[in-house]
Amino acid sequence: VRQSLEAARPAVEAAGLSLASRVPAHLVARVDPQRFSQVVDNLLSNAVKYTPAGGRLEVDLAVTHERVELVVLDTGIGISVRDRNHVFSRCFRTRAAAQQSIQGIGLGLSITKAIVDSHGGRIEVESVEGRGSTFRVRLPLGVPVNGDEHDRQPVAAGEDTEGSA
């Protein structure tokens with residue numbers, strides 16, 4: 001998560017946005033580090049893409065109720081109730097994104113959902129048009145990804161390893 005935040009910082013600054021994060025010094029979870037980074041990267045890049053200059057992004061990572069919870073919040077254009085039901089569908093683009101000519105092909109959130117699902121987790125979105133969106137990823141602690149325990153390593157936030165959360 002820290003690496004994704006640092007990688008996104010130039011785009012956040014170029015877009016004229018503020019970014020706040022709350023990431024614990026140490027958090028251990030069993031995830032595929034590359035795929036989990038992809039989840040964070042996708043959610044952050046969408047937040048940047050759909051938030052006008054002057055907006056705010058927040059990223060929180062915590063353990064709640066025996067689950068890892070990642071929250072990415074933005075004060076962007078939001079998602080209509082009608083579109084919210086389809087936002088994780090492959091190649092789906094919201095009406096607002098099309099009307100505002102925002103770049104994309106509609107694969108990021110479907111890929112993100114597939115990764116979260118493969119970790120035994122779930123992803124949800126809350127959104128209000130014109131006010132922003134909150135994406136919440138919840139992953140169980142210590143569950144092998146795709147049932148293959150030998151290929152997965154626990155990762156800890158705050159450690160300088162390739163698999164840092």
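The first residue of the sequence shown is numbered 1, and numbering continues consecutively from there.
- Here the CD-OG1 distance, from Glu126 to Thr134, works out to 6.0 Å after rounding to the nearest 0.5 Å.
- When all heavy atoms are compared, the tightest approach of Val31 to Pro33 is O-CD, 3.2 Å.
- Residues Leu141 and Ala29 approach most closely at CD2-CB, 4.3 Å, considering heavy atoms.
- The hydrophobic clustering, which links ILVMFWY residues whose side-chain heavy atoms are closer than 4.5 Å, places Phe135 and Leu73 apart.
- Atom CG in Leu109 sits 7.0 Å away from atom CD1 in Ile79 (nearest 0.5 Å).
- The shortest heavy-atom contact between Gly120 and Pro140 is O-CD, 3.3 Å.
- Closest approach of His119 and Arg30 over heavy atoms only: CD2-O, 4.3 Å.
- Interatomic distance, CZ of Arg138 versus OG1 of Thr64, reported as 6.5 Å (0.5 Å rounding).
- Without hydrogens or angle criteria, Asp74 side chain to Gly132 main chain gives no donor-acceptor distance under 3.5 Å.
- Put simply, the side chain of Val59 reaches to within 4.5 Å of the side chain of Leu70, judged on heavy atoms.
- Counting all heavy atoms, side chain and backbone alike, Arg56 lies closest to Thr51 at N-CG2, 4.1 Å.
- Between the CG atom of Leu57 and the OG atom of Ser18 there is a distance of 6.5 Å, given to the nearest 0.5 Å.
- Under the rule for a side-chain hydrogen bond (donor to acceptor under 3.5 Å, both in side chains), Thr75 has no partner lying at least two apart in sequence or in another chain.
- For the side-chain contact (heavy atoms from CB on, under 4.5 Å) with Val137, the qualifying choice from Val39, Val40, Val71, Val72 is Val39, the only one to do so.
- Under the 4.5 Å side-chain heavy-atom criterion for grouping Ile, Leu, Val, Met, Phe, Trp and Tyr, Val128 is not connected to Val125 through any hydrophobic cluster.
- Here the CD atom belonging to Gln38 is positioned 6.0 Å from the CD1 atom belonging to Ile111, to the nearest 0.5 angstrom.
- Between Ser133 and Gly78, the closest heavy-atom pair is OG-CA, 3.7 Å.
- Scanning for side-chain hydrogen bond (donor to acceptor under 3.5 Å, both in side chains) contacts around Arg67 gives an empty result, with sequence neighbours left out.
- In this structure, CD on Gln34 lies 11.0 Å from CG on Asp41, to the nearest 0.5 angstrom.
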